[in-house]
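Convention: sequence-line order gives letters A, B, ...; per-chain numbering from 1.
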2 protein chains.
Amino acid sequence: MATLADVARRAGVSPATASRVINGSSKPVADELRERVLRAVAELRYVPNAHAQLLARPQRSVVGVVVHDVSDPYFAELTRGLQRVATDRGRLVIICNSYRDPERELEYVEMLRGQQVAAIVLAGSGYHDADFTARLTEKLAAYEATGGRVAVVGRHEHPGDAVMPANDVGGRLLAEELLRLGHRQIGVIAGPQVLTTITDRLGGLRAALAEAGAPLPEEHIRYADFDRDGGARAAAALLDACPGLTALVALNDSMAVGALALLRQRGIRVPEQVSVVGFDDMPVAADVTPTLTTVRLPLVELGARAMTLALDPAGGGPRVEVLPATLVRRESLGPAPR
Amino acid sequence: MATLADVARRAGVSPATASRVINGSSKPVADELRERVLRAVAELRYVPNAHAQLLARPQRSVVGVVVHDVSDPYFAELTRGLQRVATDRGRLVIICNSYRDPERELEYVEMLRGQQVAAIVLAGSGYHDADFTARLTEKLAAYEATGGRVAVVGRHEHPGDAVMPANDVGGRLLAEELLRLGHRQIGVIAGPQVLTTITDRLGGLRAALAEAGAPLPEEHIRYADFDRDGGARAAAALLDACPGLTALVALNDSMAVGALALLRQRGIRVPEQVSVVGFDDMPVAADVTPTLTTVRLPLVELGARAMTLALDPAGGGPRVEVLPATLVRRESLGPAPR
DNA sequence: CGCTGCCAGGAAAGCGCTTACCTGAACACA
DNA sequence: TGTGTTCAGGTAAGCGCTTTCCTGGCAGCG
């Protein structure tokens, strides 16, 4: 691998001059020398060693992002927003998938710190795990103490800059719409109980139902993996255990799609016999049959705001922004039968 | 930010000893000192500067991956395979999205070289652009000349280790199945003409149709963006221009889903009036209505093989592996009407 | 013609780390 | 007691780069 010294030698100049030419320093360099340096760069196919540059000029320009899984459409959209802002500001982004493993999340924060990133964005549900939360908070604090910036998406347990989707409001919106259409026997297809997002969504749902005098019994809730198969399994379990249900609320669209598949397989018509609603308004929601009634979260915007908070200089206190949830009415929700 | 020197000072040892303790060097260190160093590390919340480490011990451990867009399900699956192998071998992966911009692809290769990555994996269709291809090849050659490893997915124009999906065979499979079911008036919803993947898939399709005496007229092909909306637009254009078509072949599943949406919107029944087939067998293919007949590509496997090639020591000559395409029969393809 | 001021270019000091090499204490042996 | 070994721990070089500071040549001035 050619080094700057090689380039300088070949061009017959000092490393200092070569560096100045290559980085477009403000210090003037004679055209003759500049020319020679550029020729040497081309001939040697020289590319500066990024690590050496970072060491010599500690100019933190990359930002780290920790998500559960970029290939999950939810995070794909979120990431699009994050990327857009980062790119606009000339920042490179390192994306890390925790795959919902808290330990891995901790490791990544450590790793990003070692990489001297300018900021860390943590996106995706937190965990109901006081020990983990404390360790994470302490690691982030250590990072911030040395000038690092942190922003989180959807983690109220983090004491700092945060962008929050209105998960509880989304749950409420669904509950109100279901009640309006006469549903009283409602089953919930929930993701892992350990995720705070689940608690939030479920909380809104539960509160609205209780206020309307139709409290949600615990046995109408099934916790499963936060994906298509989990949704199908939970739907099957619910239908078997509680045959009287007129509606199924899935706490994300993947699970809802799984539920739809199971219902189709069992020959149960949606929404005539059982209604199904989802959460997130992923692209697939408009393509399944029947199209899915769901709650839209402004994911791209959420990501963009989080990156903005992370890149802007720290404010006085923690800045918390809540972005609204909206109901999207489609075909999978109809009036309760009878 | 605390440095190794700070740790050493606080522990009352030399930087060398501190380094040895922290990295678990084979050189023995007295328990007393080891203890003091570890305490200092904890107290100062010390994390080694990754760049300094990489400079001092040029041990290339990370590998770079350039894809069109990880959030596209095609690349999401491919990436899963890449990641799996990389993680198994203890390698970190940097993912770069080119968003199908050849210039950006070039920049990323350069950037990854500067990052001293151990290997670069380039995934996703190549471009019909001789100038770009030459520049890319030359950049990759420069990288390989200094010991870097390169593997590509689906780019026959790259002279080196490659993993290829059988795109042409996939096209053939679709054509043969369509012919078997009596279709003769076939429209093609193609992605950007500049992508070699499109040429390959179209090539197989065209050849099989021609061999069967039902050559594909150029006006039955529409090129559009490689996504859902592009599919819908191309389907509309085809139906308007050629009312006699009995089948629509979309060159990926996203476009097929767009076509299905358009047909539903126009009240055209699938597959009774018009059949639709896709390509790739994305998860969504099983969830749309009707479910989508398509060609499956072993994407995870493709990614895993590519990463394996990239991490294994270079072979004698270029190693090229072709992975098979298989037809997945679902509801959206039926016999030609009449 | 001698002095000052200016400026292009170079020498060299680090950035934070690893590691080859050196040092000196402790011990064994003659 | 003197010499040789051994080995824990320290010293310092160097990874590839940037940048401060210095140098030496030249123009401009009195």
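Each of A:Arg319, A:Arg305, A:Arg89 was scored for a salt bridge (Lys or Arg N to Asp or Glu O under 4.0 Å) with A:Asp312, with one residue passing: A:Arg89.
Between B:Asp161 and B:Arg149 there is a salt bridge, since a side-chain N of the basic residue sits under 4.0 Å from a carboxylate O of the acidic one. Salt bridge status for A:Arg36 with A:Glu32: present, with a side-chain N to carboxylate O gap under 4.0 Å. Using a cut-off of 4.0 Å between Lys/Arg side-chain N and Asp/Glu carboxylate O, A:Glu138 and B:Arg45 are scored as salt-bridged.
In the interface, the side chain of A:Arg20 is paired with the base of C:dG10 through a donor and an acceptor atom under 3.5 Å apart.
Distances shown here put every side-chain N or O of A:Thr3 at or beyond 4.0 Å from the OP1 or OP2 atom of D:dG16. Residue A:Thr17 places at least one side-chain N or O under 4.0 Å from the OP1 or OP2 atom of C:dG10. Of the side-chain N and O atoms in B:Asn23, one or more sit less than 4.0 angstrom from OP1 or OP2 of C:dT18. OP1 or OP2 of D:dT18 lies within a sub-4.0 Å distance of a side-chain N or O belonging to A:Gln53.
For the pair B:Tyr46 OH and C:dG16 P, the computed distance is 10 Å after rounding to whole Å. If you take CG of A:Leu55 and P of C:dA13, they are 18 Å apart, rounded to a whole angstrom. Rounding to whole angstrom units, CZ of residue B:Arg9 and C1' of D:dG9 are separated by 18 Å. To the nearest angstrom, C1' of C:dG16 lies 9 Å from CD of A:Gln116. In this entry the distance linking CG of A:Leu4 with C1' of D:dG14 reads 16 Å, nearest Å. Look at CG on B:Asn49: it is 16 Å from P on D:dC17, rounded to the nearest Å. Following rounding to the nearest Å, A:Lys27 (NZ) and D:dT20 (P) show an atom-to-atom distance of 9 Å. Here C:dT19 presents its P atom at 12 Å from CG of B:Leu54, a figure rounded to the nearest Å.
Using a 4.0 Å heavy-atom criterion, one finds that B:Pro58 contacts no nucleic acid atom at all. Heavy atoms of A:Leu33 sit under 4.0 angstrom from primed sugar atoms or phosphate atoms, though from no base atom. Looking at heavy-atom distances under 4.0 Å, B:Ala16 makes contact with a base.
Of the residues near DNA chain D, B:Ala52 and A:Ile22, the one whose nearest nucleotide (by heavy atom distance) lies more toward the 5' end is B:Ala52. Looking at which nucleotide of DNA chain D each of B:Ala56 and B:Ser14 is closest to, the 5′-most match is held by B:Ser14.
Smallest separation of non-hydrogen atoms from B:Arg60 and B:Val117: NH1-O, 3.7 Å.
Comparing D:dA8, C:dC17, D:dT19 by their nearest atom to the side chain of A:Arg57 picks out D:dT19.
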